[in-house]
2 protein chains.
Amino acid sequence: MRLSTKGRYAVTAMLDLALNGTQGPVTLADISENQGISLSYLEQLFAALRSKGLVRGVRGPGGGYYLGRDSDEISIADIICAVDEWVEFTRCKGRQNCQDGQRCLTHNLWDDLSQQIFIFLTDITLHDLVQRGEAREAERREKKASSQVVGLKTQAA
Amino acid sequence: MRLSTKGRYAVTAMLDLALNGTQGPVTLADISENQGISLSYLEQLFAALRSKGLVRGVRGPGGGYYLGRDSDEISIADIICAVDEWVEFTRCKGRQNCQDGQRCLTHNLWDDLSQQIFIFLTDITLHDLVQRGEAREAERREKKASSQVVGLKTQAA
DNA sequence: GCAATTACCCAGTAATTTGCTCGGGAAAGA
DNA sequence: TCTTTCCCGAGCAAATTACTGGGTAATTGC
């Protein structure tokens, strides 16, 4: 599945911002190069993100983008909604041709499911992702170090 | 967000099958009318679903489609993967230009996230959805009944 | 055997979305 | 004033979505 590539780009860019924006703003040119996304496309995405208050732009030299609020206040759902506008309407909604119940049940079930996915994505923040990533990174370093020790031992033996 | 409309159609159609396929096969024509999806488009989707063993077709009059296995053995991820082929590759994967670590970290984080979403969708089966829907339906009937009682009471008072 | 009914298959295609180029501003700092 | 950045909008190629229309193959009931 794809979960919409647009949303993927937006999440990736916001992650870049969360990682690199700790000391001063990050330029779109940087993100463009880091993530391999075209500059103009990023501009379009960030226009949407800005309009929802997820990022804050600073013009002029030394400018760039900040996160609009703390990374633990920005959920993945926020980001994806900003660029993708989560309009999940069923076909019959509001129409009169949905009285037999059966087909409405199907639609309700789908609505429930997409609601669940939404809640799931609302629970994950940028901060969560960064932290989990760091934890995993540390774990990896740990493992690498211990395997190096083992390697030395086996070499010695 | 959209999580790909193709997947939505497929899940909706499979739900229709789970609901109506208890006594005999369901024709694509029925699903087409119930869900408002074009017949030929359904055929395409079902070709993919069939190739993954999620549905089983029966030809001839009185024919149609069955679920390929029990509804509690079919996850939402199964369905979406069948029609959408979940190829979630990062841009730099395998290339040599990913040595600085920073950009790979972003990609790893995204990978982790999409992995989590996948696991989430793997945990939800068609059976779950139908059951939850029925439970909610029953709850609604309960409420309606009790509010009717209240209504009668207030009318009586 | 024949007609009807269904799944199955494939080629084409309009509409939409994606991801991008280009061309220009407007604000802010050197 | 010049450069650097954000900002804005028109246009556009490629891909994807959703559909139309042309079949063929199996199965059922007559």
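In what follows, every heavy atom counts, from backbone to side chain, and hydrogens, waters and symmetry copies are set aside. Everything numeric in this text was worked out from a predicted model, so none of it was measured. Residue numbers begin at 1 in each chain, while the letters A, B, ... track the order of the sequences.
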Quick one: list whatever passes salt bridge (charged side-chain N to carboxylate O under 4.0 Å, His left out) with B/D112, sequence neighbours left out.
A/R136
[N] [atom2] sits how many Å from [X] [atom1], rounded?
X: B/E33; N: D/dC19; atom1: CD; atom2: P; answer: 15 Å
X: A/Q35; N: C/dG19; atom1: CD; atom2: P; answer: 15 Å
X: B/I80; N: D/dT17; atom1: CD1; atom2: C1'; answer: 16 Å
X: B/K6; N: C/dT18; atom1: NZ; atom2: P; answer: 14 Å
X: A/I37; N: C/dC20; atom1: CD1; atom2: P; answer: 8 Å

Does a donor on one side chain sit under 3.5 Å from an acceptor on the other, for B/D16 and B/N20?
yes
Do any of residues 23-32 of chain A sit with a heavy atom less than 4.0 Å from DNA chain D, and if so which?
A/V26, A/T27, A/L28
Donor-acceptor contacts under 3.5 Å from residues 39-66 of chain A side chains, at least two apart:
unit_1, atom_1, unit_2, atom_2, d
A/S51, OG, A/A48, O, 2.8

Please confirm whether the backbone N or O of B/L28 pairs with a side-chain atom of B/S32, one donor and one acceptor, at under 3.5 Å?
no
Hey, could you give me the CD1/OH distance between B/I80 and B/Y9, rounded to the nearest 0.5 Å?
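It comes to 15.0 Å.
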Output the distance between atom CG (B/L121) and atom CZ (A/F120), rounded to the nearest 0.5 Å.
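One gets 8.0 Å once the value is rounded to the nearest 0.5 Å.
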Residue pairs, two or more places apart or on separate chains, that pass salt bridge (Lys or Arg N to Asp or Glu O under 4.0 Å) and touch residues 65-81 of chain B:
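Sorted result for residues 65-81 of chain B: B/R69-B/D78.
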Do A/I76 and B/I117 have side-chain heavy atoms sitting under 4.5 Å apart?
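Counting from C-beta outward, A/I76 and B/I117 never come under 4.5 Å.
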Taking DNA chain C as the partner, which of residues 49-66 of chain A come within under 4.0 angstrom of it by heavy atom?
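Hits under 4.0 Å, by residue number: A/R59, A/G60, A/P61.
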Which residues in residues 38-47 of chain B have a heavy atom closer than 4.0 Å to any atom of DNA chain C?
B/E43
Nearest non-hydrogen partners of B/I124 and A/Q116, listed with the distance
CD1-OE1, 3.6 Å
